[in-house]
Amino acid sequence: MCGIVGYIGPRDATPIILNGLKRLEYRGYDSAGLAVFTENRIEVRRDAGKLSQLEELIRVSPVSGAPGIGHTRWATHGAPSARNAHPHLGATGRVVVVHNGIVENFLELREELAAEGVRFNSDTDTETIVHLVEHHLAVAADLTEAARRAFLQIRGAHGIVLLSADEPDKIICARIGNAGGVVIGLGENENFVASDIPAILEHTRRVIFLESRQMAVVTRDGVRIETLEGEPVTPKVHAISWDAASAEKGEYRHFMQKEIHEQVRSLTDTLAGRVDFQEGRIRLPELNLTPELARRIRKIVITGCGTAAYAGMVGKILIERLARIPCEVQIGSEFRYSDPIVDSDTVVLAISQSGETADTLAAMEEGRKKGAILWSIVNVIGSQAMRIADGYISMQTGPEIGVASTKAFTAPLVDQYMLAILLADLRGSLPEAERRRLVADLRLVPDLAGRTLGREPEVEKVAWALKDVRDCLYLGRGINMPIAYEGALKLKEISYIHAEGYPAGEMKHGPIALIDENMPVVCLAPKDPWHEKMISQIQQAKARGGLVIAVATDGDELVAGQADHVLWVPETPWMLSPVVTAIPLQLLAYHIAAIRGLDVDQPRNLAKSVTVE
């Protein structure tokens, strides 16, 4: 895995593929390559490292033509190297493939192919696919049929794109299972293929998303989609509202910094069309939630991975507090293995920025098998998590390029707040006056976020004080406990500093042993129902010599008198406080990483869309 771009049409494919892959760099990768049809043969250029190395290779050894396919790889089988980089040619040199996913039965297939005399030139599982296609070409009517037979043989979840020098009028692509999204972009006398929308936004906004177990034959004049079993499919064409400029850094040093500052707009957009401040009501039409369904729900299970799971922890508190529906949070990667107790009166609510997170999609599948109602909160329009759900809430944040999620964390906090109010209203568990007050509080959110972002220079000063630390402890209680987890995650994933989030009340049950003058302690202490308890935690940390960095409400003298550094936030209704307390922690992690000279947008070993288990 990770990024795929393909082009078929009258133009030179090489610059189109390179530019598209650059727009997918945010996904993370360790090698890159492309293949184009030129002068009746396929030419491949690939190398380990960043795209700049591939560009230099192409400068020294130019290649042009069409059609073409390209790939940025995040190693799963075989070390990052030119040998293992995609694309992979078959033994004939006439068929080439790029691939996202894991061929779960590749050892078995590799042994069978080797027994037939096939010689492998890489350590990857992907190479088995191209050899399988060539194997079937010996008896199949054409490339399409040979590819179909190969796709039916491989196990696992995949996004696959291939072409042949013998049939250069087409690109074949397929989606199998929940990994490797495949987007087909529709142009005039040309068409595009990609693993994610930003790669092709500069060329078209009309796209088709392949569903699981579908394959497409893409020509310059059209697209034909079938199931892997050969049944024709009439696709839905989606119009994407993003523009290419929204995927550029603009005045900011990094995408992450830009996206942190975009939260005023993203929070405004996630409220747009959903909040009736005059009537004091919430409308979430895509959720397909009726009063009958709201009253029928007996349990909600929120599932997600990483940042999304922490957002779900905030949602659990809101839903239980307002709608009085039992709610639990399950990590997506554990859900399907836990034999979850869900039924037709249970909602499985999946949260995913990309809507393509393999573990989260697998959790949704498990919920479907057990008869649960599926909802999703997603950012990418048309993504798998959106399409397979019975109802959804779109984050409406626009593209998020930085690997470390920021605006796609705060948006679902507000989405779940709105969901909790709507559920409570439909179930009759929320008095009208309280509902109106809760809805009115949403009007404050964008301004509160903006005021918090205005304190960035003060956060940067604290970042300079912490730039050389090796460990950090984050503490929070109640609705801000998940923000401690999220703050620690942000620090470790982009600055590579070991950090742990912990329930503050549990500090004395173990972590307090770690606290000394070398252990900074970040304490979430806004004025909320747990404020006094957090003051006690600060005092305990200080008593052990810890360096305390507090996130606190403006004017809180109790905190100011005890903390070494304070990250101030404006006074906020407590149910919405995680939106503002998260922002200084995002900025803190960002500035520490930037000061340390690290690759903030593409941290090592991480990918934006984790499309394998």
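Atom set for the values below is all heavy atoms of this structure, side chains included, hydrogens, waters and symmetry mates excluded.
Below 30°, between 30° and 60°, or above 60°: for H158 and H99 the angle between ring planes is between 30° and 60°, a tilted geometry. The aromatic rings of W574 and W530 stand perpendicular to each other, their planes meeting at an angle above 60°, with 30° marking the opposite boundary.
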Start with the C-alpha gap between E259 and K407, add the side-chain angles, then the distance that decides, and say whether salt bridge (Lys or Arg N to Asp or Glu O under 4.0 Å) holds.
CA-CA 6 Å; E259 288 154 8; K407 60 181 179 176; 5.2 Å; no
Salt bridge (Lys or Arg N to Asp or Glu O under 4.0 Å) between E211 and R213, worked out
CA-CA 6 Å; E211 302 289 350; R213 298 192 64 79; over 6 Å; no
Could you go through the salt bridge (Lys or Arg N to Asp or Glu O under 4.0 Å) check for D276 and R283 one step at a time?
CA-CA 8 Å; D276 185 333; R283 298 188 177 94; 3.1 Å; yes
Worked check of side-chain contact (heavy atoms from CB on, under 4.5 Å) between Y590 and V600
CA-CA 7 Å; Y590 166 75; V600 174; 3.6 Å; yes
Run the salt bridge (Lys or Arg N to Asp or Glu O under 4.0 Å) check on D441 and R436 step by step: do they pass?
CA-CA 9 Å; D441 286 345; R436 285 182 173 274; over 6 Å; no
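For K527 and D556, the salt-bridge test fails: no basic side-chain N is under 4.0 Å from an acidic carboxylate O. Ionic pairing of R298 and D343 is not present here: no N-O contact between side-chain nitrogen and carboxylate oxygen is shorter than 4.0 angstrom. Ionic pairing of R281 and D425 is present here: one or more N-O contacts between side-chain nitrogen and carboxylate oxygen are shorter than 4.0 angstrom. Contact check on K369 versus E365 returns no salt bridge, with no Lys/Arg side-chain nitrogen under 4.0 Å from an Asp/Glu carboxylate oxygen. With respect to the salt-bridge test (charged N to carboxylate O, under 4.0 angstrom), the residues R324 and E320 do not qualify. A salt bridge links R455 with D554; the closest basic N to acidic carboxylate O contact falls under 4.0 Å. Looking at R224 and E226, a side-chain N of the basic residue comes within less than 4.0 Å of a carboxylate O on the acidic one, giving a salt bridge.
Using modelled atom types, one finds no donor on one side chain facing an acceptor on the other under 3.5 Å when comparing Q384 with S212. Using a 3.5 Å distance cut-off with no hydrogens or angles, the side chains of T307 and E486 do pair a donor with an acceptor. Remark: the Q396 side chain and the R274 side chain contain an N/O donor-acceptor pair separated by less than 3.5 Å. Side-chain contact annotation: N379 with S394, donor-acceptor N/O pair under 3.5 Å absent. At a cut-off of 3.5 Å, with distance as the only test, no side-chain donor of E356 or S352 sits close to an acceptor on the other residue. In this structure, a donor-acceptor pair under 3.5 Å is present between the side chains of N480 and D528.
For the pair M534 and A504, the tightest heavy-atom approach, listed with the atom from each and the gap, is SD-CB, 3.5 Å. When every heavy atom of G280 is checked against every heavy atom of V439, the shortest pair comes out as O-CG2, 3.5 Å.
Atom CD of E292 has more than 12 heavy atoms from other residues, nucleotides or ligands within 6.0 Å. Under a cut-off of 6.0 angstrom, the local environment of CZ in R321 is sparse, with at most 12 non-hydrogen atoms contributed by other residues, nucleotides or ligands. For E229, the CD atom is densely surrounded, since the number of other residues' heavy atoms within 6.0 Å is greater than 12.
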